[in-house]
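Data first, discussion second: the structure below is written as structure tokens.
Lettering of chains follows the sequences in order, A, B, ..., and the numbering in each one begins at 1. The figures here come from the full heavy-atom set of this structure, side chains too, leaving out hydrogens, waters and symmetry mates.
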There are 2 protein chains.
Amino acid sequence: MRYSRQRELILEIVMGTDSHPTADWVFQQARKQMPEISLGTVYRNLKRLATNGNVRTINDGTVVRYDWDQEPHDHLKCKICGDLMDVHLLEEDIRKSVREKYNFEVDDVEMTIIGTCNKHNTIMEEK
Amino acid sequence: MRYSRQRELILEIVMGTDSHPTADWVFQQARKQMPEISLGTVYRNLKRLATNGNVRTINDGTVVRYDWDQEPHDHLKCKICGDLMDVHLLEEDIRKSVREKYNFEVDDVEMTIIGTCNKHNTIMEEK
DNA sequence: AATAATAATAGGAATCATTATTATTTATTG
DNA sequence: CAATAAATAATAATGATTCCTATTATTATT
């Protein structure tokens with residue numbers, strides 16, 4: 001794969017945020033520095049960076065988000081504010097259990113835990 | 001919500017399979033028995049059945065799949081044949097751990113484990 | 001540094017899954 | 001049975017993503 005300024009910029013943008021960005025968000029950021037960049041280029045390069053192992057993908061509903069964190073980890077998704085938070089859970093236990101119980105060789109665990117994050121906790125619940 | 005023959009048929013179809021069908025698959029089955037049914041009706045009713053708790057949704061890449069199994073469970077997705085299998089894992093441990101460590105109230109855990117299922121296991125690997 | 005070979009891009013069209021719109025049909029209720 | 005309001009069929013619209021093609025940029029070679 002040969003070098004391109006576009007791909008370098010795209011990787012830089014993804015690595016520069018903790019916000020689990022979509023392709024479109026990356027595109028909006030990228031065009032600030034490189035106004036002629038096209039959306040197709042962003043999609044193509046994000047996909048390539050993902051197969052290359054430079055970034056990871058997260059399926060958030062019907063949208064794909066990208067994450068530079070290489071360690072296996074999972075996501076908490078708040079149903080109120082939509083925020084995605086990284087968490088490190090029982091990854092090893094899951095792999096072991098699945099391998100033993102189902103004879104299934106695990107490549108990757110994609111876990112999204114949906115609920116309410118601590119920003120919305122209240123002492124008195126009102127119905 | 002008032003009765004409709006379409007909704008009854010759609011629920012019957014989803015409950016009659018273990019294949020985690022997409023809206024379009026349900027539509028193809030439904031029109032065999034009710035040729036005039038429309039795709040929009042299938043989407044609308046699947047969505048309603050999901051909010052009603054009659055079926056659950058699974059995000060499989062960019063497609064939504066439906067599952068009638070009401071027990072909390074997770075999915076093994078084979079990267080070779082694409083099959084989705086149901087598995088029952090450490091759900092309670094996950095909920096407890098997330099609640100305690102992150103002060104996050106869990107509604108639902110969506111876990112997809114990607115790998116290779118036992119149909120593709122070989123004793124001798126050939127590269 | 002100029003040239004040739006070809007990989008990558010920009011821009012836009014196409015596709016796929018899903019949602020919205022609207023005129024018509026149908027279930028419910030008095 | 002007639003009124004009414006919810007559900008449908010048909011189709012247009014949308015949003016995310018992929019595909020296409022002429023042009024541009026990178027890299028290897030002179």
### Query
Do B:Ile13 and B:Val64 share a hydrophobic cluster, counting only Ile, Leu, Val, Met, Phe, Trp and Tyr and linking them when any side-chain heavy atoms are less than 4.5 Å apart?
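Same cluster.
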### Message
I want to check something: taking the side chain as every heavy atom from C-beta on, are B:Ile58 and B:Glu110 in contact at a cut-off of under 4.5 Å?
### Response
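Not in contact.
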#### Entry: Neighbour count >12 (heavy atoms, 6.0 Å) for atom CE, A:Met15
no
### Message
Using a 3.5 Å limit on both distances, find every run of at least three consecutive Watson-Crick or G-U pairs that involves DNA chain D.
### Response
C:1-30 with D:1-30
#### Entry: Heavy-atom protein contacts under 4.0 Å, nucleotides 23-30 of chain C, coded B base, S sugar-phosphate only, - none
---BBS--
#### Entry: Sugar-phosphate or base contact per nucleotide [nucleotides 9-16 of chain D; S, B, -; heavy atom under 4.0 Å]
BB-----S
### Query
NA contact type, B:Arg48, heavy-atom cut-off 4.0 Å: base, sugar-phosphate, or nothing?
sugar-phosphate
### Message
If we count only N and O atoms by modelled type, under 3.5 Å, do the side chains of A:Arg48 and A:Thr51 hold a donor and an acceptor together?
### Response
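No pair is found: no donor N or O on one side chain lies under 3.5 Å from an acceptor on the other.
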### Task
Could you verify whether a donor N or O on one side chain and an acceptor N or O on the other, from A:Asp60 and A:His20, lie under 3.5 Å apart?
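No, because no side-chain N or O of A:Asp60 sits under 3.5 Å from a partner of the opposite role on A:His20.
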Separation of atom [atom1] in [X] from atom [atom2] in [N], rounded to whole Å:
X: B:Tyr66; N: C:dA17; atom1: OH; atom2: C1'; answer: 11 Å
X: A:Leu11; N: C:dA8; atom1: CG; atom2: C1'; answer: 17 Å
X: B:Leu46; N: C:dT19; atom1: CG; atom2: C1'; answer: 14 Å
X: A:Arg7; N: C:dA10; atom1: CZ; atom2: C1'; answer: 15 Å
X: B:Arg31; N: D:dT8; atom1: CZ; atom2: P; answer: 16 Å
X: B:Phe27; N: C:dT18; atom1: CZ; atom2: P; answer: 14 Å
X: A:Asn52; N: C:dA8; atom1: CG; atom2: C1'; answer: 15 Å

### Query
Does C:dT19 have OP1 or OP2 sitting under 4.0 Å from an N or O in the side chain of B:Lys47?
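So the side-chain polar atoms of B:Lys47 do come within 4.0 Å of the phosphate oxygens OP1 or OP2 of C:dT19, strictly under.
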### Task
Mind checking the CG-CG spacing from A:Leu84 to A:Leu76? Nearest 0.5 Å is all I need.
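So the gap between those two atoms works out to 9.0 Å.
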Quick one: closest heavy-atom pair of [X] and [Y], and the distance?
X: A:Tyr102; Y: B:Asn118; result: O-ND2, 3.7 Å
X: A:Lys47; Y: A:Tyr66; result: N-OH, 4.3 Å
X: B:Val42; Y: B:Ala23; result: CG1-O, 3.5 Å
X: B:Trp68; Y: B:Thr17; result: NE1-O, 2.6 Å

### Task
Would you please classify the geometry between the B:His73 ring and the B:His88 ring as parallel, tilted or perpendicular, with 30° and 60° separating the classes?
tilted
